[in-house]
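Counting starts at 1 for both ligands and their atoms, in listed order. Because only heavy atoms are used, hydrogens play no part in the values below, and waters and symmetry mates are left out as well, while side chains stay in.
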Amino acid sequence: MRHLIVPSVDTQHWLNRIKANDWMEPSYSILSLDDDKKAIPLSAQAPKNTDDIWQGLEFVELNRRKAAKRWTDLLEAELYQRFEEFWPKSYEIIGDILIVKLEDEVVPHQREIAEAMLEKHPSIRLICADKGVHGEFRVRNLTPIDSRDGDTSTLTRIREGGKVILIDPTKSYYSARLSNERLGNLISAKKLAKTLDRPISVCDPYAGVGPAMASIISSPNLVDYALIGDLNPDAVSLLEQNITNFTRKVDTKMVIKLLCQDARLWKNTHDYLAKIDLLLVNLPHDTVNHIPELLPLMRKNSRSLIRGWAIINRDEVAEIRDTIERQLKQHGATEIDLQCTEVKGYSTSRIFVRIESWQTFN
Ligand SMILES: C[S@@+](CC[C@H](N)C(=O)[O-])C[C@H]1O[C@@H](n2cnc3c(N)ncnc32)[C@H](O)[C@@H]1O
């Protein structure tokens, strides 16, 4: 198959031009070549190599295999067999970024891995090696390996519950795996609004880029006050843009306060006290310690809801439940309906739990 060779930096320009004229061979992706060049597969309809439109660029004939079942099918057979037990078996996709952990044995072949993955996943722009989480805000340490169009930015967009969310996993924590919990937040928020028979006030002090708020504050007549924030300034900068997008088409009158501050200090601002109907506490390594610091924010004399997530020892569930119940009672909670439910395993001895508490503070 004929491929146009372009410098990596010009890939997007040529891709736009070729796609606009329908000259790209469907089902085949762009390949990375040595010397920072890319090869764009051309269909039979594309003009001849000598046409002025190509501005003197070169071409190459490459044999391409079609529609591999797995990305490893696109590796050279001999290479695949040599490292059979070390090829990554799983990866994570966030927007148009594919994140993969590589065993040391296959790191020298990361380029081949990335090319095969780009070819297998036409909607992926960037392949990154996952070097774990780091720093106070537990953000991802990612090293770009290869990009389809030369763009190695880790800023991307995902769609969840019909909302577009801006994310940069190297700047702010984000987990796609918790989307079910976020759906649970929306269902509980609607149940609370129905119980109270009015729009509710919500608080998400560990919001990251704001995925939990996406569906809640964009629901008509659900929320009239939102106190949202994060301690990480990079997260808050994306959070601001996301909140603006989430509320763009909402007519409901809503007051939104965005803070970049340790959530434990919010209780020191008089204006934030005793206003919140629904509190989310998503700081799994520290949730149980932070809950008491947030309770002064909860509204008094009406039903309220706290949903939190924690990583705890498997045999600690009853103890954690009792600790939280004690904290709630110390802050004047009555009619407490508190559940601590395992959501998933975290390690052999630890589990990820959801804490959900309905109560009335006096
Ligand atoms: C587990 S993440 C949750 C992010 C988001 N809610 C989500 O589901 O994607 C916890 C967030 O809390 C922030 N954080 C850590 N300590 C904090 C503190 N003391 N006050 C406010 N935010 C904090 C981190 O920067 C991080 O974004």
Side-chain angles (χ1 to χ4, degrees), residues 92-95 97 99 132-141 154-161 163-186 188-189 202-218 226-243 245-246 256-269 272 276 278-297 306-312 343-344 346 350-356:
E92 186 181 348
I93 290 177
I94 300 181
I97 304 176
I99 298 168
V133 291
H134 69 123
E136 177 189 4
F137 301 124
R138 302 181 63 75
V139 296
R140 309 283 280 262
N141 184 0
T154 47
L155 181 67
T156 188
R157 287 176 170 74
I158 61 132
R159 193 175 268 277
E160 192 177 288
K163 293 281 158 297
V164 173
I165 308 173
L166 262 182
I167 291 170
D168 186 335
T170 67
K171 300 242 164 83
S172 171
Y173 172 94
Y174 169 76
S175 169
R177 296 193 186 104
L178 294 177
S179 58
N180 260 347
E181 292 304 306
R182 294 192 275 271
L183 184 61
N185 293 339
L186 177 64
S188 297
V202 297
C203 179
D204 187 5
Y206 312 95
V209 297
M213 285 294 105
S215 55
I216 293 182
I217 60 170
S218 59
L227 187 56
I228 310 167
D230 199 284
L231 186 56
N232 173 359
D234 289 334
V236 173
S237 142
L238 291 167
L239 177 66
E240 275 166 356
Q241 297 176 62
N242 283 330
I243 296 292
N245 284 337
F246 301 157
I256 299 180
K257 289 232 174 289
L258 271 185
L259 305 174
C260 184
Q261 190 188 36
D262 187 326
R264 288 168 294 188
L265 302 178
W266 294 12
K267 62 179 184 306
N268 300 336
T269 301
Y272 303 151
I276 300 303
L278 168 60
L279 169 67
L280 303 179
V281 191
N282 189 357
L283 192 63
H285 292 279
D286 241 343
T287 285
V288 183
N289 293 331
H290 277 231
I291 284 179
E293 310 275 351
L294 300 164
L295 295 182
L297 307 178
I306 299 169
R307 275 171 71 88
W309 294 267
I311 292 162
I312 61 172
V343 175
K344 57 178 182 171
Y346 184 74
R350 312 203 85 200
I351 53 173
F352 185 85
V353 292
R354 178 194 325 113
I355 298 152
E356 174 155 336

Scan the side chains in residues 288-297 for donor-acceptor partners under 3.5 Å anywhere in the protein, sequence neighbours excluded, and list what turns up.
{"unit_1": "N289", "atom_1": "ND2", "unit_2": "D286", "atom_2": "OD1", "d": "3.0"}
{"unit_1": "H290", "atom_1": "ND1", "unit_2": "Y206", "atom_2": "OH", "d": "2.7"}
{"unit_1": "E293", "atom_1": "OE1", "unit_2": "K267", "atom_2": "NZ", "d": "2.7"}

Would you confirm whether [X], through its side chain, and [Y], through its main-chain N or O, come within 3.5 Å as a donor-acceptor pair?
| X | Y | value |
| --- | --- | --- |
| N245 | I165 | no |
| S172 | G208 | no |
| N242 | L166 | yes |

Taking all non-hydrogen atoms of both residues into account, name the closest pair between K171 and N232 and its distance. O-ND2, 2.7 Å
Contact atoms of ligand 1, heavy-atom distance to [X] under 4.0 Å:
| X | result |
| --- | --- |
| P205 | 21 (C), 22 (N) |
| P284 | 1 (C) |
| N232 | 25 (O) |
| G208 | 4 (C), 5 (C), 27 (O) |
| H290 | 19 (N) |

Show me the side-chain donor-acceptor pairs of residues 210-218 shorter than 3.5 Å, one per line, residues at least two apart or across chains.
{"unit_1": "S218", "atom_1": "OG", "unit_2": "A214", "atom_2": "O", "d": "2.6"}
{"unit_1": "S218", "atom_1": "OG", "unit_2": "S215", "atom_2": "O", "d": "3.4"}

Could you see which bit of [X] sits under 4.0 Å from ligand 1, with heavy atoms only: side chain, backbone, both or neither?
| X | result |
| --- | --- |
| Q261 | backbone |
| A263 | both |
| A207 | backbone |

[atom]: which protein heavy atom is closest, and how many Å away?
| atom | result |
| --- | --- |
| atom 9 (O) of ligand 1 | P211 CG, 3.3 Å |
| atom 12 (O) of ligand 1 | Y206 CB, 3.4 Å |
| atom 10 (C) of ligand 1 | N282 O, 3.3 Å |
| atom 22 (N) of ligand 1 | L231 N, 3.1 Å |
| atom 16 (N) of ligand 1 | L283 CD1, 3.8 Å |
| atom 19 (N) of ligand 1 | D262 OD1, 3.1 Å |
| atom 2 (S) of ligand 1 | Y173 CD2, 3.2 Å |

Dump the intermediate steps for side chain to side chain contact (heavy atoms under 4.5 Å, CB included) on L178 and F352, then the final yes or no. CA-CA 11 Å; L178 294 177; F352 185 85; 3.7 Å; yes
Would you check, one step at a time, whether the test side chain to side chain contact (heavy atoms under 4.5 Å, CB included) holds for V202 with D204? CA-CA 7 Å; V202 297; D204 187 5; over 6 Å; no
If you measure every N/O of [X] against every N/O of ligand 1, is any gap under 3.5 Å?
| X | answer |
| --- | --- |
| Y174 | no |
| S175 | no |
| D230 | yes |
| D204 | no |
| F137 | no |

Between [Y] and [X], is there a side-chain heavy-atom distance shorter than 4.5 Å?
| X | Y | value |
| --- | --- | --- |
| W266 | C203 | yes |
| I94 | I158 | yes |
| L231 | E136 | yes |

When you look at CZ of R350, are more than 12 heavy atoms from neighbouring residues, nucleotides or ligands closer to it than 6.0 Å? yes
